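What you see is a predicted model; the values in this text were computed from it and never measured.
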Amino acid sequence: MKGLLAITLLGALHVLLASDGHIFNAQKNVNYELHKKLEVGDVIRAWGVYKDHSTSKFSVNIRGSSVLYHLHVDFRPYNNVVVLNNYNKGWKTEVRPGFSKSNFAANTLFEVRIEVHENEYRIFFNGNQLSKTFPHREDLSTANHVTLHGGSNGFKWTALQLPRGQLSGSGIASQTSTGQKNYLEQPLVVGDVISAWGIYATGSSKFNVNLMMENDQYFMIHVDFRPPPHENKVVLNSKKQNGWETELRTALPSFENGKVFKVDVKCLEGEFEIYHDGKVLGSRFPYRDGFALKDVKFVWLLGGSNGMVWTDLVIPHFSLELGNTKWTPFSKPKPAVLVTDFSEQMMERFYVKQPCDKFVWFKLFLRREGEKPNAHVEIFSKVKGNIYCNEAGSKSWYNGARTDFIMAADAMQCESDEKSIILLVEKTADRITIKNQGRVLYNQLFTDNDANCRQ
């Protein structure tokens with residue numbers, strides 16, 4: 001990837017060219033505190049295990065107090081409906097999207113996701129949006145906790161994920177998903193730890209944590225959990241282009257339907273040590289010939305079924321030394337035009353430094369030499385931005401397509417100097433990801449329809 005980089009923005013900022021809300025177990029009738037004000041861009045996710053159609057109604061609730069409900073998402077299988085409402089000195093007008101009880105399966109894990117948008121809440125069940133949304137009827141800033149209610153005859157709420165994950169390990173936890181390639185910000189070294197969280201589902205197929213080399217064919221370590229009724233083992237292995245190598249097998253730790261689990265992969269001198277929920281597995285795994293920590297490029301979480309999902313990941317965080325870093329200043333009247341060469345690398349990385357107290361709009365143009373921009377990343381504020389792909393979609397916006405996006409409020413954090421915010425823009429042929437302090441603020445995956453963004 002070789003080309004010309006042009007950056008245009010309003011105000012005086014700096015850019016650096018680089019060469020290259022934890023989930024938790026939950027239960028009903030407990031008030032889980034929001035550790036920030038609820039704002040546009042926030043997401044709340046809840047998981048439960050449905051018993052059978054004898055289960056009574058059950059709900060996810062965003063609340064300000066015992067007498068103030070911002071949002072009441074009430075599933076009523078016996079009526080084939082979801083009731084959306086709020087409560088403030090009495091229940092208000094209901095919104096009732098139809099919802100067949102056939103969407104539920106006996107003894108099966110399900111997920112409810114609530115997205116906070118500009119004027120409304122959007123609710124999803126197992127990734128599918130309900131047919132109706134619910135307006136903001138109360139001031140978002142007065143919401144302070146989430147409560148899970150209801151259920152009977154064996155139904156259980158099991159897990160919850162609130163906005164703004166907590167700090168953990170040697171990096172910062174960010175949301176991820178099964179199949180997403182999570183690229184490292186710097187080479188792994190002895191002492192680093194990769195931590196992954198997921199939710200287990202009874203009857204799931206095998207699922208695994210993988211440290212990957214330059215492509216999908218080279219696995220430095222493959223930690224493969226194979227639950228019953230399959231093999232009831234953990235299989236450790238490595239893979240080169242010509243195939244899998246010799247397996248190491250150890251006993252499978254215990255998992256519980258709908259419950260959160262954590263896997264840690266620790267990089268020791270000459271070998272990996274793997275932990276499940278803080279307990280070491282029986283076998284360490286050696287660094288095999290042809291593999292080195294410095295060559296690991298991304299973490300890949302794969303597998304699972306019946307609702308089992310990977311949700312969070314911590315990878316080592318690249319920390320810039322603010323006082324020893326050479327930044328290139330630029331402004332709207334004086335944009336920076338910089339020649340880059342990423343031809344030997346899978347990823348382009350660009351660091352932009354902002355003032356901490358007042359965010360300044362900027363636009364990062366990604367060009368190829370002698371051509372118009374292939375793409376741009378434009379950030380308007382701490383919560384809003386867009387990505388443009390030339391020649392993409394219907395070509396209705398400057399001969400391309402623009403995707404507007406919202407980032408979680410308060411997700412951008414100041415650096416240790418309390419004067420700067422540093423944003424990292426990662427660009428590959430598959431995606432653009434915007435990060436701050438290791439946390440993913442926004443990730444856009446490309447399709448064949450995204451044209452020049454894939455270059």
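- Between Phe255 and His276, the ring planes lie perpendicular to each other; the angle is over 60°, past the 30° to 60° tilted range.
- Between Trp244 and Phe219, the two ring planes are tilted [angle within 30° to 60°].
- Residues Glu391 and Asn399 have side chains that bring a donor and an acceptor to within less than 3.5 angstrom of each other.
- Atom CG of residue Asp224 and atom CD of residue Glu247 lie 8.5 Å apart, to the nearest 0.5 angstrom.
- Salt-bridge check for Lys363 with Glu378: passed, with a basic side-chain N closer than 4.0 Å to an acidic carboxylate O.
- Counting only N and O atoms by type, the side chains of Ser238 and Arg288 include a donor and acceptor under 3.5 Å apart.
- A salt bridge links Glu118 with Lys384; the closest basic N to acidic carboxylate O contact falls under 4.0 Å.
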Give the C-alpha distance, both sets of side-chain angles, the deciding distance and a yes or no for salt bridge (Lys or Arg N to Asp or Glu O under 4.0 Å) between Asp42 and Lys36. CA-CA 10 Å; Asp42 283 343; Lys36 62 180 290 298; 2.7 Å; yes
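- No side-chain donor from either of Glu111 and Asn126 sits under 3.5 Å from a side-chain acceptor of the other.
- Rounded to the nearest 0.5 Å, atoms CD (Glu245) and CG (Leu248) are 11.0 Å apart.
- Using a 3.5 Å distance cut-off with no hydrogens or angles, the side chains of Trp300 and Gln180 do not pair a donor with an acceptor.
- With rounding to the nearest 0.5 Å, the separation of NZ in Lys262 from CG in Asp312 is 11.0 Å.
- In this structure, Val383 and Ala409 approach most closely via the heavy-atom pair CG1-CA, 3.8 Å.
- Ring geometry, Phe261 versus Trp310: the interplanar angle exceeds 60°, so the pair is classed perpendicular (tilted spans 30 to 60°).
- Pairing each heavy atom of Leu441 with each of Leu423, the nearest pair is CD1-CD2, 3.9 Å.
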Residue pair Lys259, Asn257: steps toward the side-chain contact (heavy atoms from CB on, under 4.5 Å) verdict: CA-CA 6 Å; Lys259 294 294 186 178; Asn257 194 22; over 6 Å; no
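- Asn61 and His145 share no donor-acceptor pair across their side chains, judged by distance under 3.5 Å alone.
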Go through the steps to decide whether Asp264 and Ile274 satisfy the test side-chain contact (heavy atoms from CB on, under 4.5 Å), and finish with yes or no. CA-CA 6 Å; Asp264 296 308; Ile274 298 94; over 6 Å; no
Please lay out, stage by stage, how Thr250 and Lys233 fare under the test side-chain contact (heavy atoms from CB on, under 4.5 Å). CA-CA 6 Å; Thr250 189; Lys233 293 286 184 181; over 6 Å; no
Working for salt bridge (Lys or Arg N to Asp or Glu O under 4.0 Å), residues Arg402 and Asp404: CA-CA 6 Å; Arg402 186 187 75 183; Asp404 296 314; 3.2 Å; yes
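- Figure legend: Lys28 and Trp157 shown without cation-pi pairing, the cationic atom not lying both under 6.0 angstrom from the six-membered ring centre and within 45 degrees of its axis.
- A disulfide (SG to SG under 2.5 Å) check over residues 404-437, counting only residues at least two apart or in different chains, returns the pairs Cys356-Cys414.
- Residue Val189 comes nearest to Leu293 through the heavy atom pair C-CD1, 3.8 Å, listed as atom of the first residue, atom of the second, then distance.
- Taking a cutoff of 4.0 Å between a charged side-chain nitrogen and a carboxylate oxygen, Lys206 and Glu231 do not qualify as a salt bridge.
- In summary, the aromatic rings of Trp47 and Phe110 are positioned with their centroids too far apart to meet the 6.0 Å limit.
- Aromatic ring centres of Phe272 and Tyr287: separated by under 6.0 Å.
- Here Glu115 does not pair with Arg122 in a salt bridge; the nearest charged N to carboxylate O distance is not below 4.0 Å.
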Evaluate Glu426 against Arg431 for salt bridge (Lys or Arg N to Asp or Glu O under 4.0 Å), listing each step before the verdict. CA-CA 8 Å; Glu426 295 179 344; Arg431 64 179 176 90; 3.1 Å; yes
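- A salt bridge links Arg284 with Glu273; the closest basic N to acidic carboxylate O contact falls under 4.0 Å.
- Residue Leu302 holds its CG atom at 7.5 Å from CE of Met212, rounded to the nearest 0.5 Å.
- Although no hydrogens or angles enter the test, the distance criterion places no donor-acceptor pair under 3.5 Å between the side chain of Asn182 and the main chain of Phe298.
- Put simply, CE on Met412 and CD1 on Ile421 are 6.5 Å apart, with the number rounded to the nearest 0.5 Å.
- Ring pair Phe125/Phe104: centre-to-centre distance below 6.0 Å.
- For the residue pair Ser204 / Asn306, no side-chain donor-acceptor distance below 3.5 Å is found, with atom types taken as modelled.
- Here the OG1 atom belonging to Thr176 is positioned 12.5 Å from the NZ atom belonging to Lys181, to the nearest 0.5 angstrom.
- Within the 4.5 Å cutoff, side-chain heavy atoms of Val234 are placed close to those of Val223.
- Contact of the Val377 side chain with the Ile432 side chain is registered, since non-hydrogen atoms from C-beta on lie closer than 4.5 Å.
- The closest donor-acceptor contact from the side chain of Gln354 to the backbone of Ser420 lies at 3.5 Å or more, if one exists at all.
- Among all heavy-atom pairs drawn from Val260 and Ala159, the shortest one is CG2-CB, 3.9 Å.
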Any chance you could lay out the side chain to side chain donor-acceptor pair (under 3.5 Å) test for Asn390 and Tyr388, step after step, and finish with the verdict? CA-CA 7 Å; Asn390 192 21; Tyr388 162 76; 3.0 Å; yes
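- Asn210 and His222 form a side-chain donor-acceptor contact under 3.5 Å, judged by distance and modelled atom types alone.
- By the 30° and 60° cut-offs, the orientation of the rings of Tyr200 relative to Phe207 is tilted.
- Neither side chain, Tyr275 nor Asp277, offers a donor N or O lying under 3.5 Å from an acceptor on the other.
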Steps toward ring pair (Phe, Tyr, Trp, His ring centres under 6.0 Å) verdict (Phe405, Tyr442): CA-CA 8 Å; Phe405 61 84; Tyr442 179 74; 4.0 Å; yes
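- No side-chain donor-acceptor contact under 3.5 Å links Thr447 and Asn449.
- Thr428 places a side-chain N or O within donor-acceptor distance of the main-chain N or O of Asp430, the cut-off being under 3.5 Å.
- Side-chain contact, Asn31 with Glu33: no donor N or O sits under 3.5 Å from an acceptor N or O.
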